[in-house]
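Small disclaimer: the values here were computed from a predicted structure and weren't measured.
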Amino acid sequence: MDLKDIHNVYFIGIGGIGMSALARYFKFIDKNVAGYDKTQTPLTDELVALGIAIHFEDNINLIHEDYKSLENTLVIYTPAVPNAHKELHFFVANGFQVKKRSEVLGIITKDTFCFAVAGTHGKTTTSSILAHLLKETNTPLVAFLGGISEDFNSNFVLEGNDYSVVEADEYDRSFLQLSPNVACVTSMDADHLDIYGSDEEIKKSFREFAQKLKPSGKLLIRNGLPMNGITYGIDDASDYCITNIVIEHGTYIFDLKTPEETLEKVCFNKPGKHNLLNGLAAFAMAAQAVPQPRRLAEALGTFKGVQRRFSYQVKEDDFVFIDDYAHHPTEIEAVYQAISEMHPNKKTTVVFQPHLYSRTQDFVEGFASSLAKFDCVLLLEIYPAREEPIVGVTSSWLLDKIENSNKKLVEKSDLVTTIKSSNPDVLVTMGAGDIGLEVSRLKKELAYAS
């Protein structure tokens with residue numbers, strides 16, 4: 001498929017974080033763009049403000065006639081859309097070019113120098129840091145991010161088209177559509193077992209991804225993962241290694257050892273060893289194409305962050321409010337570690353919204369163990385996303401397994417009252433569903449907001 005022959009691009013699920021970045025791209029290169037989504041959100045509002053027509057009812061009659069032109073229309077859909085979707089069925093039945101988001105990313109990036117960040121955790125933060133480092137070294141790039149970068153105030157960056165930054169998503173084996181020059185694997189924990197069935201199948205898929213590298217391509221892996229490549233880690237024998245870490249006023253200061261030299265007193269402002277590893281991964285990836293180690297190290301110190309990735313909403317002496325996208329036990333553990341390191345001996349309340357019935361079922365013991373470490377646990381109902389309920393899999397079932405006497409199942413409408421009664425020093429909201437939409441309300445209604 002040649003994108004030059006495409007005039008109209010129609011998105012089914014346009015409001016998703018990855019889909020909306022693609023929609024911005026096609027709008028920026030002067031294609032006609034429109035789409036459907038199930039729910040109106042701030043992201044869809046931003047797309048509408050760009051001149052993109054969006055409707056929120058699965059109705060073929062609401063599709064503008066321009067997008068019913070078979071010859072020059074591309075239809076892009078997300079795997080989260082059910083097979084029974086009327087609009088998707090219409091386009092497929094009538095022979096349109098219908099492609100998944102990952103396929104289109106592969107087409108866009110195949111003629112660029114492509115950086116691809118893979119891993120069950122850390123993709124969005126690592127790719128956002130990488131885009132920031134490349135921008136700071138004047139590298140002409142296009143980036144498709146899985147979150148809103150606070151450096152760019154967007155999930156899409158267009159500073160040229162010689163280099164590309166993409167998240168290599170393992171869900172639905174999407175990352176096998178890419179052909180990167182430099183790839184990274186941050187983690188390979190069991191996840192998406194509804195797709196893969198077993199932990200070994202996930203690891204097999206990551207190994208297949210590594211085979212997608214272009215000739216002379218380079219693979220970076222977090223030290224300890226069962227793959228071969230250029231390694232990165234903390235206080236170990238990795239090719240790229242962080243040592244001599246100290247914390248001053250919430251900032252990491254450390255030495256960064258590369259295969260050629262050691263850079264001293266490098267700064268990084270995002271809390272948590274997991275974020276420190278993400279920053280190191282981004283540095284090591286950028287260094288494979290941009291031979292400016294000292295400038296890259298300086299740029300690490302100016303990275304602002306990503307919305308919903310350990311994002312401080314309130315940071316006062318007597319109260320801290322953090323919002324995070326964590327939706328897997330390993331990610332919850334990482335958030336707990338970061339809070340314990342940056343805010344030791346503080347009473348912490350977590351509000352967690354489980355994401356997907358299948359994930360809750362597959363990792364219920366891990367969720368229970370990781371959540372139990374917080375002083376107070378408030379659980380919302382499971383966010384179903386693309387799934388139908390599974391009998392017996394509920395937030396109440398998860399709650400019963402959490403070995404912490406200070407726990408409660410709450411409705412969103414009762415959150416403010418319940419949080420106040422827990423009187424936390426540190427409040428953290430976590431989850432990949434719609435809990436992020438509650439953050440501004442909580443800031444406003446909790447009397448702690450500055």
Side-chain angles (χ1 to χ4, degrees), residues 1-11 13-35 42-54 74 76 78 99-117 123-169 174 177-183 282 285-286 289-290 292 295-296 299 302-307 309:
M1 184 186 71
D2 191 338
L3 293 180
K4 294 177 182 176
D5 298 329
I6 298 297
H7 302 303
N8 309 309
V9 186
Y10 188 82
F11 287 82
I14 195 169
I17 193 70
M19 292 281 278
S20 62
L22 265 184
R24 292 176 190 273
Y25 170 79
F26 282 110
K27 184 66 176 178
F28 277 36
I29 62 172
D30 293 326
K31 305 295 184 183
N32 297 324
V33 181
L43 265 181
T44 60
D45 290 344
E46 290 177 10
L47 295 179
V48 170
L50 291 175
I52 297 174
I54 301 175
L74 170 64
I76 304 174
T78 169
K99 295 188 178 296
K100 293 181 182 179
R101 177 180 65 89
S102 57
E103 294 179 85
V104 178
L105 273 179
I107 293 168
I108 292 171
T109 61
K110 68 181 177 65
D111 293 326
T112 69
F113 187 102
C114 178
F115 296 93
V117 181
K123 291 186 294 293
T124 296
T125 301
T126 303
S127 57
S128 297
I129 299 170
L130 176 56
H132 171 69
L133 300 186
L134 295 175
K135 170 67 163 52
E136 290 298 295
T137 51
N138 299 313
T139 305
L141 78 147
V142 58
F144 301 90
L145 307 175
I148 305 299
S149 163
E150 294 175 358
D151 293 273
F152 300 102
N153 196 32
S154 179
N155 57 343
F156 173 65
V157 182
L158 186 58
E159 297 283 342
N161 54 19
D162 295 343
Y163 296 80
S164 62
V165 175
V166 297
E167 295 188 28
D169 189 0
S174 293
Q177 302 289 338
L178 300 171
S179 301
N181 298 81
V182 177
M285 291 183 77
V290 182
Q292 302 178 41
R295 183 68 194 97
L296 291 172
T302 59
F303 174 68
K304 294 178 182 177
V306 183
Q307 289 182 15
R309 269 63 174 186

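For the residue pair Ser164 and Thr112, a side-chain donor N or O sits within less than 3.5 Å of a side-chain acceptor on the partner.
Of the possible donor and acceptor atoms, one in the side chain of Asn181 sits under 3.5 Å from a partner among the backbone N and O of Cys114. Between the Lys99 side chain and the Leu74 main chain, no donor and acceptor come within less than 3.5 Å of each other. Judged by distance alone, the side chain of Ser20 and the main-chain N or O of Gly16 form a donor-acceptor pair under 3.5 Å. A side-chain donor-acceptor contact under 3.5 Å links Asp151 to the backbone of Lys304. Between the side chain of Ser127 and the backbone N or O of Thr124, at least one donor-acceptor pair lies under 3.5 Å. A donor-acceptor pair under 3.5 Å is absent between the side-chain atoms of Glu136 and the main chain of Ala299, judged by distance alone.
Summarising the local packing, CG of Asp45 is surrounded by more than 12 heavy atoms from other residues, nucleotides or ligands at distances under 6.0 Å.
For Gln307, there are no side-chain hydrogen bond (donor to acceptor under 3.5 Å, both in side chains) partners, not counting sequence neighbours.
Heavy-atom minimum distance, Leu50 versus Lys27: O-CE, 3.1 Å. Taking each heavy atom of Val117 and Met285 in turn, the nearest pair found is CG2-SD, 3.8 Å. The shortest heavy-atom contact between Phe115 and Tyr163 is CE1-CD2, 3.7 Å. The minimum heavy-atom distance between Asn153 and Ile148, with the atom names listed, is C-CG2, 3.9 Å. The two atoms that bring Leu134 and Ala286 nearest to each other are CD2-CB, 4.2 Å, heavy atoms only. Considering every non-hydrogen atom in both Val33 and Ile52, the closest pair reads O-CG2, 3.5 Å.
Going from atom CG of Leu145 over to atom OG of Ser128 covers 4.5 Å, rounded to the nearest 0.5 Å. The structure places OG1 of Thr109 at 9.5 Å from CD1 of Ile107, a figure rounded to the nearest 0.5 Å. Annotation: the span from Ile14 atom CD1 to Leu47 atom CG amounts to 5.5 Å, rounded to 0.5 Å. Here the CG-NZ distance, from Asn8 to Lys31, works out to 9.5 Å after rounding to the nearest 0.5 Å. Here the CD1-CZ distance, from Ile76 to Arg101, works out to 10.0 Å after rounding to the nearest 0.5 Å. In this structure, the separation between CG on Asp111 and CG on Asp162 is 11.5 Å, given to the nearest 0.5 Å.
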Show your working on side chain to side chain contact (heavy atoms under 4.5 Å, CB included) between Phe26 and Leu3 and close with a plain yes or no.
CA-CA 10 Å; Phe26 282 110; Leu3 293 180; 4.2 Å; yes
When you look at Arg24 and Asn155, which way does the side chain to side chain contact (heavy atoms under 4.5 Å, CB included) test go after all the steps?
CA-CA 9 Å; Arg24 292 176 190 273; Asn155 57 343; 3.1 Å; yes
When you look at Leu22 and Ile108, which way does the side chain to side chain contact (heavy atoms under 4.5 Å, CB included) test go after all the steps?
CA-CA 10 Å; Leu22 265 184; Ile108 292 171; 3.5 Å; yes
After noting the C-alpha distance and the side-chain angles of Phe113 and Val182, does the key distance pass the side chain to side chain contact (heavy atoms under 4.5 Å, CB included) rule?
CA-CA 8 Å; Phe113 187 102; Val182 177; 3.8 Å; yes
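Classification of the Phe303-His132 ring pair by plane angle, with boundaries at 30° and 60°, yields tilted. Ring orientation note: the planes of Phe156 and Tyr25 are nearly perpendicular, at an angle over 60° on the 30°/60° scale.
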